[in-house]
Q: 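Next up is a structure, given as structure tokens.
Note that the structure is a prediction, hence the values are computed from the model and not measured.
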Amino acid sequence: MADHTAALEAFGRVAALAAEHHTGLDGATRLMRSHAWVGGGAPAFAGALARHRATLQTALTGALTSLAHLVIRHGGPAPALPALTTSVTSMSATPATFQGIDPQAMAALISALDHAGHTLPPAATRLAAELSAHGLPAHPGHTLGQIADWATAQSADLRRRLTRIQQTVPGTALPAGLAAYDLFAAHAGDPSAARTLLARVAGGDGAAITSLLALQDQARDPGLAAGVHAWWRALPPDQQDRLIRLAGLGLLNGLPASVRDRSNRLWLATEKARLKRELAAATAELDNPALLGGWERIANGLRRIERIERELQPVAGHPTPLLLAFDVTGQGRLIVSWGDPDTADITVTSVSGLTSGLDAAHGDLQRSRALWQQATKTSGEQVIASITWLGYDAPQIDPGIFDPGKSVAFESAAAKGGAALASFADGLRASHSPSGRARAVIVGHSYGSLTTSHAAVLRPGRLADDFIFVGSPGVGVDHASQLGVRPENVWVGEAGNDPVAALGRFGTDPGNASFGAQHFPVGRDVYTKAHSSYWNPDSVPLRNMGRIINRQKDELDHPEPLNEQPQVLMPELAPDLALKPNR
């Protein structure tokens with residue numbers, strides 16, 4: 001009886017100790033879920049914090065379980081085990097895509113870790129003593145001691161880093177969130193490769209830019225663009241002015257949009273001068289048949305540069321275009337923004353599909369301007385930036401259609417393009433002025449919707465706040481929730497008679513109710529025009545996309561009924577009844 005009574009009393013004392021300390025890391029976890037710093041360190045630290053918090057609660061539960069079994073072995077009644085697993089929630093609103101670090105939140109996190117580091121050691125000693133006194137293994141107490149040591153070490157480390165930020169950042173010249181990327185990079189694994197390359201770029205090494213662009217294309221490090229931005233902002237102005245002339249610098253995601261534009265325009269002019277010299281030399285030797293292929297390559301590159309120059313001419317009533325990226329080789333690349341994405345309240349990125357590319361960029365640029373104009377009409381005080389993103393080798397109607405790596409019938413091109421789009425979105429987030437209300441919207445058209453989905457899977461919940469898919473053959477997932485946002489923030493528009501939207505080729509057809517997305521009215525057009533009709537001037541789909549961009553879903557327009565005279569190419573079918581083979 002005495003043994004059972006002693007064991008039951010020990011159980012009561014440990015239960016009281018567990019009640020006091022099982023939430024020892026909840027405060028720090030709550031702060032991490034409400035606030036994060038820019039760069040790759042936050043997720044790694046949050047993961048370590050979550051593991052230590054779970055271990056703390058598991059150790060206390062294990063100690064109580066051992067004592068409960070001891071009570072039973074001595075003939076006593078089984079004591080009720082208290083629930084020590086807690087659910088941590090935050091009262092803060094879900095942050096939008098663009099966020100910066102809150103130094104006050106970091107100070108609170110340090111304080112919470114410091115508190116755990118001071119209160120857990122006495123609890124660890126008491127717990128080990130209670131267990132040992134009854135012949136039970138004392139390792140749960142030792143575990144608490146190890147967690148206390150970890151919390152103490154982390155609080156000291158974070159305090160040192162935060163102090164460096166507060167001492168070295170002059171006023172508001174460099175937001176703390178940017179400095180934090182470098183200072184907290186130890187939590188991000190091994191960032192040495194990118195940091196070494198950036199140091200080489202700072203010394204004027206152009207080859208290091210090529211290596212950085214290779215890392216960027218892989219999209220494996222979601223904090224790379226933030227590191228680029230922090231590195232750039234910390235450079236002295238005179239060094240920035242020298243580096244901005246390096247070929248390819250403006251292709252680095254994370255640099256401010258204005259810097260990318262200036263660097264790329266300088267590089268474009270340099271490339272034009274170089275190609276003109278090469279063309280003159282090649283023209284002088286046109287009588288040599290072996291040089292004809294080289295002449296055509298040079299001439300085509302020059303034609304493409306002149307095309308980019310024409311597209312960059314200001315358009316009345318629109319913001320000055322910013323050249324964010326270009327490449328005149330191969331299939332070509334072109335990324336242009338109408339409006340500054342670094343300061344915009346809403347940034348819209350348009351991703352095109354089949355046959356898109358540098359040589360057909362004019363139509364895509366017109367569409368982005370149309371979206372900017374339409375969204376701006378109803379945006380109120382919100383500032384819009386609209387981006388044409390031709391940043392991947394979209395499938396073409398050429399011999400490559402038989403190559404699974406290039407064909408529109410397969411996902412290989414979308415997977416590669418998705419990685420490039422994910423890296424680009426990382427850059428938009430890193431270079432944007434910290435804001436709690438800014439949003440990112442991606443419009444995926446045709447095969448571009450599949451490319452967008454691949455990027456969303458790579459950056460779950462971080463690629464965009466809203467998705468708009470038009471004329472989509474499928475996005476490769478079975479439900480809108482798999483894109484990392486709430487299904488009500490995924491919109492699908494399908495023109496009646498759009499043959500591509502009728503395919504449902506990749507995953508569940510986005511037009512099906514089972515996909516879970518929102519549908520917006522589009523109307524229909526003749527079979528040969530329906531797939532490109534979404535941006536027709538003052539059309540219902542264009543007006544509705546503008547409303548969706550501004551989250552004005554209760555103000556969507558509906559098309560006028562077309563019931564008078566059916567046509568062979570525009571049969572009298574409602575848009576939502578368009579033939580879909582997989583229905």
Q: Considering residues at least two apart in sequence or located in another chain, which fulfil the side chain to side chain donor-acceptor pair (under 3.5 Å) criterion with T451?
A: Y392
Q: Flag the pair L542 / N536 as yes when at least one side-chain heavy-atom distance between them is below 4.5 Å, and no otherwise.
A: no
Q: Can you measure from CZ (R547) to CG (D557) and round to the nearest 0.5 angstrom?
A: 7.0 Å
Q: Could you tell me whether K416 and D217 make a salt bridge, using a distance below 4.0 angstrom between a side-chain N and a carboxylate O?
A: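 No.
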Q: For S433 and T343, which heavy atoms make the closest approach, and how far apart are they?
A: OG-CG2, 4.3 Å
Q: Answer yes or no: is there a side-chain heavy-atom contact under 4.5 Å between L556 and P521?
A: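 Heavy-atom side-chain distance check passes, below 4.5 Å.
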Q: Over all heavy atoms of both residues, which pair between I244 and S263 is shortest? Give the atoms and the distance, please.
A: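 Closest heavy-atom pair between I244 and S263: O-OG, 2.9 Å.
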Q: For the pair E271 and R274, find out whether any cationic side-chain nitrogen is under 4.0 Å from an anionic carboxylate oxygen.
A: yes
Q: How would you list all residue pairs meeting ring pair (Phe, Tyr, Trp, His ring centres under 6.0 Å) that involve residues 342-362, not counting sequence neighbours?
A: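 Qualifying pairs: none.
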Q: In terms of side-chain geometry, is the basic nitrogen of K553 or E488 positioned less than 4.0 Å from the acidic oxygen of its partner?
A: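 So K553 does not pair with E488 through a salt bridge.
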Q: So, for A344 and A438, which heavy atoms are closest and what is the spacing to 0.1 Å?
A: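 Looking at all heavy atoms of both residues, the closest pair is O-CB, 4.0 Å.
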Q: Hey, does R437 have a side-chain heavy atom less than 4.5 Å from the side chain of D345?
A: yes
Q: How far does CZ of R242 sit from CZ of R245, to the nearest 0.5 angstrom?
A: 11.0 Å
Q: Just wondering, do L358 and L390 contact through their side chains at under 4.5 Å, heavy atoms?
A: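 No. Closest side-chain heavy atoms not under 4.5 Å.
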Q: Are S337 and T347 packed together at the side-chain level, in the sense that at least one heavy-atom pair is separated by less than 4.5 angstrom?
A: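 With C-beta onward as the side chain, the pair stays apart.
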Q: Below 4.5 Å, heavy atoms only, C-beta onward: do Q482 and T508 meet side chain to side chain?
A: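 When only atoms from C-beta onward are counted, T508 and Q482 do not touch, as no gap falls below 4.5 Å.
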Q: Quick one: CG on L428 to CH2 on W389, what's the gap to the nearest 0.5 Å?
A: 11.0 Å
Q: Is a donor from one side chain sitting under 3.5 angstrom from an acceptor on the other, for S431 and D342?
A: yes
Q: Should I548 and D466 be marked as a side-chain contact (heavy atoms from CB on, under 4.5 Å) after you check the CA-CA gap, both sets of side-chain angles, and the distance that decides it?
A: CA-CA 9 Å; I548 293 169; D466 301 272; 5.6 Å; no
Q: Less than 4.0 angstrom from a charged side-chain N to a carboxylate O is my criterion; do D327 and R333 meet it?
A: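 Looking at R333 together with D327, the answer is no, because their closest N to O distance does not fall below 4.0 Å.
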Q: If the test is side chain to side chain contact (heavy atoms under 4.5 Å, CB included), which one of F469, F520, F467 qualifies with W491?
A: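 Passing option: F520.
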Q: Do E494 and D509 touch side chain to side chain, with heavy atoms closer than 4.5 Å?
A: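 Counting from C-beta outward, E494 and D509 do come under 4.5 Å.
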Q: Could you check if a side-chain atom of L334 sits within less than 4.5 angstrom of a side-chain atom of L323, using non-hydrogen atoms only?
A: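 In short, these two side chains touch, coming nearer than 4.5 Å.
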Q: Should the pair H445 and W535 be assigned to parallel (<30°), tilted (30 to 60°) or perpendicular (>60°) ring geometry?
A: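 Ring orientation, 0 to 90° scale: perpendicular.
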Q: Please round to the nearest 0.5 Å and tell me the distance separating atom CG of L224 and atom CD of Q216.
A: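 Here the interatomic distance stands at 6.5 Å.
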Q: Heavy atoms only: give me the nearest L235-Q240 pair and the separation to one decimal.
A: O-NE2, 3.5 Å
Q: Out of curiosity, L198 CG to S211 OG, how far, rounded to the nearest 0.5 Å?
A: 11.0 Å
Q: Look up atom CD1 in I468 and atom OH in Y534, then write down how far apart they are to the nearest 0.5 Å.
A: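 So the gap between those two atoms works out to 13.0 Å.
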Q: State whether the number of non-hydrogen atoms from other residues, nucleotides or ligands found under 6.0 Å of R220 atom CZ is greater than 12.
A: no
Q: Any side-chain donor paired with an acceptor under 3.5 Å for D364 and S352?
A: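 Side-chain D/A pair, D364 to S352: present.
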